[in-house]
Amino acid sequence: MQSVADCAAVPLLEQESINKLMGLAVFGEKVASKIYLLMADLKEEFAPLLTKFARMEAQHGGWFLDASRKNGIEPDKEFADNELGYLISQVDQHYADKNFEALAIVQGFIVESLAIATYESFLPIAHKYPGTHEVFQKALDEENYHVDWILRYLRLRFFDAHEEFQKLAEYANIQGIDCIGGTMMNIAEYLDKIGMSGADCAGAMMDGYTQLLEKVGFEQRRATKHVVNMFMPLFHKYRRGEKTK
Amino acid sequence: MLASDTAQLTDSEILLWTVLHNFEALALSQYEKFCSALATPEKKELVSLLFSRVPDNKAMENTSLDQPVKALLDAATSSSEKDTLLIQGLLLEVLGKTIYDTFKDSESFTAATHHLCSVGLKAQDSIGTKITTAIKERIGTAEQIYSAFIDISKPVILRLDALGESLDQHFSEQFDISFSDLMGSFVAELVLTCTNLGMERRKIVGYLTSALMGV
Ligand SMILES: [Fe+2]
Ligand SMILES: [Fe+2]
């Protein structure tokens, strides 16, 4: 039989934080799934693979929802919807423009970078929520698998066309980072409250994303400047305690 | 003497160079105190040129720049060779280089500012490699440099970023330059300088992120 001490309630703030974070993970995975489906719709030759990616993302959402239930976590849909609305409207615009490459950058680089940075940082504290380590590790491996394909696709697509890629990335990034980097700032305090570090996650996301840009043809200095410049206004807002969107 | 030596600075440029003069003068006095090899003739020439152009702080007094400039000067005043190498030598020299590099080609400035920038870059050039060598010699391995750097640099980075925001209020429209963007270039340059010193990029980016987020 459990003692009263064993059942001690999780402090409210931590509970609220994990509810919000899991909300973003569960519903963010659904959005990721939707984006891969839109991409599949735009490029028939990659449709089977991208549809498979979409299924994998949907499955991640399912795993996270099950793990949440087992830990008394209520994924906060309202919070997630609020964070994801801006992303969805951008994605819809890129789809309407039939801009497959912009979708590839937003999903494959920006959204995946956020997921990878946060899932990686979650693993060391996952033991606090039994059953989560396994599913986050599996999801992380699969996110890296998705990024691997996106990277290969963009490298080939823009082989010998680095300038074109840089223009496209700069266009897709300005909104993309404002949106996803903004979400990173908005969740930083919740990450801190469950024992992770919001700043470390943001740093990992920035660095991971910069490296992806370099691999497709940005020169190191330009990639670093480009990414840092996009994050600076977000840092300023964070310091002033303002929400980023 | 070149024509640009005597060209007039505009009022806004006088304010800008008053700020920069304060930092260059502090750098030189710190170098003279703690690492004389860095007090090169070029650095001295820069400071004396700035002194001849903006001899006092009048332009800055009673402006909203006064307080953040003093706060940063205060945070950047070190009391040891090691701290001077990291704060002045590493951090603020990278900042100076970023500023001079950005201003020297901008058409928003007069020839007088372009000239001061070129003298600033020459001074920076004269100590660039000396700083790297001195940091490695005096502080040690990349890991030791990283630990020492994160130990002391956070308040300076924060105040620097706060000053950037004030500078924007004063200058961004006039000079068509955003100091927040300039901070971005500076941070990017700093990351590259730190990785050249052997520091791990992921760690330095993580550290700078937390410093800029103010946590
Ligand atoms: Fe996923
Ligand atoms: Fe993924």
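What you see below is based on every heavy atom in this structure, not just the backbone, and it leaves out hydrogens, waters and symmetry mates. Note on naming: letters A, B, ... go to the chains in the order of the sequence lines (proteins, then strands), and numbering restarts at 1 for each one. Please read all numbers here as calculations on a predicted model, not as lab measurements.
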| query | If you take all heavy atoms of A:N229 and B:S185, which pair is closest and at what distance? | reply | OD1-N, 3.8 Å
| query | Would you find more than 12 non-hydrogen atoms of other residues, nucleotides or ligands less than 6.0 Å from B:Q174 atom CD? | reply | yes
| task | Please look at B:L192 and chain A and tell me whether the side chain, the backbone, both or neither of the residue comes under 4.5 angstrom of a heavy atom of that chain. | result | side chain
| field | Greater than 12 external heavy atoms within 6.0 Å of A:K138's NZ | value | yes
| field | Check: B:T209 and A:F235 side chains under 4.5 Å, non-hydrogen atoms | value | yes
| Spacing of NZ belonging to A:K225 relative to CD belonging to B:E189, to within rounding of 0.5 Å | 5.5 Å
| said: With chain B as the partner, which of A:R222, A:E214, A:H226 has the greatest number of non-hydrogen pairs under 4.5 Å? | reply: A:E214
| task | Taking the side chain as every heavy atom from C-beta outward, state whether A:H236 and B:D161 have any atom pair closer than 4.5 Å. | result | yes
| Under 4.5 Å from a heavy atom of chain B, the part of A:M185 involved | side chain
| message | Among A:G203, A:A202, A:S197, which residue has the highest count of heavy-atom pairs closer than 4.5 Å to chain B? | response | A:G203
| task | Select one option (side chain, backbone, both, neither) describing which atoms of A:A188 are under 4.5 Å from chain B's heavy atoms. | result | side chain
| query | Does CD belonging to A:E219 count more than 12 external heavy atoms closer than 6.0 Å? | reply | yes
| task | Kindly indicate whether the side chain of B:V191, heavy atoms from C-beta on, has any atom under 4.5 Å from the side chain of A:M206. | result | no
| Side chain proximity check, B:L158 to A:R239, heavy atoms < 4.5 angstrom | yes
| field | Gap between atom CG of A:D200 and atom CE of B:M213 - 0.5 Å precision | value | 9.5 Å
| message | Could you check whether atom CG of B:N62 has more than 12 heavy atoms from other residues, nucleotides or ligands sitting under 6.0 Å from it? | response | no
| query | Would you say B:D176 has more than 12 foreign heavy atoms packed within less than 6.0 Å of its CG? | reply | no
| request: Might you point out which heavy atoms bring A:A199 and B:V215 nearest each other, and give the distance in Å? | output: CB-CG2, 3.6 Å
| request: Look at atom NZ of B:K82 and say whether more than 12 heavy atoms of other residues, nucleotides or ligands are closer to it than 6.0 Å. | output: no
| task | Flag yes if more than 12 heavy atoms outside B:D11 fall under 6.0 Å of its CG atom; otherwise flag no. | result | no
